[in-house]
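A quick write-up on the structure given underneath.
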Protein chains: 2
Amino acid sequence: MINIAAHSFHDATAIKLPQPAMAIAPMLAAKGLHSSAIRKVACNETLWCEGDERSHIFVVRTGAVCLSRTLPNGRRIVLDFAYPGDIIGLGADTQPCDAHTVQLTRLEAIPVAAFKRAVAEDPEFGRQASIQVANALSAAYQHVVVISKLSANERLASFLMALSRRNEAHGLSPMSVLLPMKRLDIADFLGLTIETVSRTFTRFRDAGLIAMDQHNVVVFRDLAKLRALAAGEGEHD
Amino acid sequence: MINIAAHSFHDATAIKLPQPAMAIAPMLAAKGLHSSAIRKVACNETLWCEGDERSHIFVVRTGAVCLSRTLPNGRRIVLDFAYPGDIIGLGADTQPCDAHTVQLTRLEAIPVAAFKRAVAEDPEFGRQASIQVANALSAAYQHVVVISKLSANERLASFLMALSRRNEAHGLSPMSVLLPMKRLDIADFLGLTIETVSRTFTRFRDAGLIAMDQHNVVVFRDLAKLRALAAGEGEHD
DNA sequence: CGGCCGCTTGACTATTATCAAAGATGGTGG
DNA sequence: CCACCATCTTTGATAATAGTCAAGCGGCCG
């Protein structure tokens, strides 16, 4: 449930924190842990469930993973998405959430035992892992902020701008994003319904903020306005 | 921003996890870190702000601390409360939230340098600290669930039941709780307004779920119903 | 005793959820 | 290669929950 990309969701945090993936990813490579089996997982497959013993740490290569919880009555909440380059599964021994693919996904699977051995050898390695968890906590805090205080417009803008900034950080254009997940995943992530998400996309399009030819490709037409919305500055304030 | 009590907010987690405070608090004592200065802080004082360099780790002795974030336009979100026995301030070097007292509070202040020295001496110590952060992450996930999927009734029930379970875990009666914070703090924690919180208390009282003689003392009259509500099982499901 | 602060209550509004149906899209098999 | 079906998305009409604005109550402290 540690998603390295997560911190970029919070604009302020994205600026303040050093690139966390920068720190730990090369360390994984140096340890030779990269050579662990690469798994190819179909869409909608479960990697683990809440309460499971942690067995592997995964590095997403391609595709996308969704981290979620489910209430007793079936209501589902998406806590985070993991994209290529992200590390998921760090943290305590018990998984705090479910993880399932939302696309055909390729993952490197590092057994926890191997990971723990690496930590025992090199304390700095464990320290970096802890920083990832702390960043995930900061991201979760930001998620609470988004969900409890932002309007539907602001929530979707916040989601899109997080993806935009991620692109930027990866050397891609921040002017457009690809949505690997379905509307329902976005809705469950933002604490809205699919209908509201769909309507908000339409509203953005009609207002000239975005353009969409396919429903999973968004081109930004007014980044400044979207960023203001995402920060909770816009609308009626 | 690591609040040891936080995990108890999530019922399932509260059962699954060992008492985290059990693990680290005696270790702090054993290291002699307890001898650090005890501070007496008035109500409404700020301990640190988001983005601050982490300078101390605090153990709450009496009173209560509120962890929050504030949006650019002034909207505030309460992320957690820390009560006597809780440790706050663990995590990364940069504070992910503000911390301020909501009561006259006594705190033990352990300088970060002393804490780091202790970790360097004893890796197990650092491992326990990491577990605290992971538990805080799990609690934050639960907070997201509460805020994004529960009704006002369910949210307040969830808040009250977390306090009830905390009492229980501390050997006190789970049948009543004391609310050290103001209605506004509860509202900002639950993503509601003070009016809605007030009305929900009234609704609970009228429905025979609780009794209240003062507005900061709640006696539970139907714990089963409240717990069902808190778990998101109740209402119209 | 008076004023301030926090809590409660009321009337009304607004945003989003819900229910329902139609329109796309993509994949499969004929 | 096209047609069909399942799934996902969009759109519309209506309802419900919580927010906003406003006023009154009550306790605590100076």
Side-chain angles (χ1 to χ4, degrees), chain A residues 42-44 66 71 73-77 102-104 146-157 178-206 210-218 229 232 234-237, chain B residues 42-44 66 71 73-77 102-104 146-159 179-207 210-218 229 232 234-237:
Chain A
C43 186
N44 284 319
C66 169
L71 284 169
N73 59 24
R75 284 179 280 187
R76 185 188 70 144
I77 300 87
V102 293
Q103 275 199 324
L104 173 64
V146 167
I147 280 177
S148 70
K149 292 288 169 180
L150 300 191
S151 67
N153 284 348
E154 292 171 327
R155 289 185 210 189
L156 187 62
L178 231 113
L179 305 175
M181 71 294 288
K182 303 193 191 310
R183 290 288 184 273
L184 180 61
D185 297 311
I186 299 175
D188 285 348
F189 181 67
L190 297 176
L192 301 169
T193 60
I194 47 172
E195 293 95 331
T196 299
V197 169
S198 182
R199 278 187 248 270
T200 308
F201 270 120
T202 305
R203 232 178 292 143
F204 280 5
R205 189 161 38 66
D206 293 351
I210 62 170
M212 283 174 72
D213 10 333
Q214 307 152 67
H215 41 245
N216 59 338
V217 181
V218 182
L229 267 177
E235 312 241 76
H236 29 63
D237 295 309
Chain B
C43 186
N44 284 320
C66 168
L71 284 169
N73 59 27
R75 284 179 281 186
R76 185 188 70 145
I77 300 88
V102 293
Q103 274 200 326
L104 173 64
V146 168
I147 282 179
S148 69
K149 293 286 169 181
L150 301 191
S151 68
N153 284 349
E154 291 170 327
R155 290 186 209 188
L156 188 62
S158 147
F159 175 68
L179 306 175
M181 71 294 287
K182 302 193 194 310
R183 291 289 184 271
L184 180 60
D185 296 312
I186 299 175
D188 284 348
F189 182 66
L190 297 176
L192 301 168
T193 60
I194 46 173
E195 291 96 332
T196 299
V197 169
S198 182
R199 278 187 250 269
T200 308
F201 270 121
T202 304
R203 232 176 293 144
F204 280 5
R205 188 161 38 67
D206 294 350
I210 63 171
M212 284 173 71
D213 11 334
Q214 307 151 67
H215 17 250
N216 58 336
V217 181
V218 182
L229 266 178
E235 313 242 74
H236 31 64
D237 294 311

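The chains referred to below are lettered A, B, ... by the order of the sequence lines, with proteins before strands, and numbering in each begins at 1.
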To the nearest 0.5 Å, what is the distance between NZ on K182(B) and CG on N216(B)? 9.5 Å
With rounding to the nearest 0.5 angstrom, report the CZ to CG distance, F159(B) to L192(B). 11.5 Å
Between [atom2] of [N] and [atom1] of [X], the distance in whole Å:
X	N	atom1	atom2	value
L184(A)	dA17(C)	CG	C1'	14 Å
R205(A)	dA24(C)	CZ	P	12 Å
L192(A)	dT18(C)	CG	P	11 Å
M212(B)	dT8(C)	CE	C1'	10 Å
D206(A)	dT10(D)	CG	P	12 Å
H215(B)	dC28(D)	NE2	C1'	10 Å
I194(B)	dT9(C)	CD1	P	13 Å
F201(A)	dA24(C)	CZ	P	18 Å

Measure across L150(B) and G232(B) and return the closest heavy-atom pair with its distance rounded to 0.1 Å. CD2-CA, 3.9 Å
Give the minimum heavy-atom separation between A152(A) and T196(A), together with the two atoms involved.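 Distance-wise, the nearest heavy atoms are CB-CG2, 3.8 Å.
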Kindly indicate whether the side chain of E195(A) and the base of dC19(C) share any N or O donor-acceptor pair separated by less than 3.5 Å? yes
Ignoring hydrogens and angles, answer whether the base of dT20(D) and the side-chain atoms of R199(B) contain a donor-acceptor pair closer than 3.5 Å. yes
Closer than 4.0 angstrom, basic N to acidic O: yes or no for R76(A) and D185(A)? yes
Under 4.0 Å between a side-chain N or O of T196(A) and OP1 or OP2 of dA17(C)?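 Looking at the OP1 and OP2 atoms of dA17(C), one of them is under 4.0 Å from a side-chain N or O of T196(A).
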State whether T193(B) places a side-chain N or O below 4.0 Å from either non-bridging phosphate oxygen (OP1 or OP2) of dG19(D). yes
Can you work out whether R203(B) or S198(A) has the more 5'-proximal nearest nucleotide on DNA chain D?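 With R203(B) and S198(A) compared, the 5'-side residue is S198(A).
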Between T202(B) and K182(B), whichever has its closest DNA chain C nucleotide further toward 5' is K182(B)
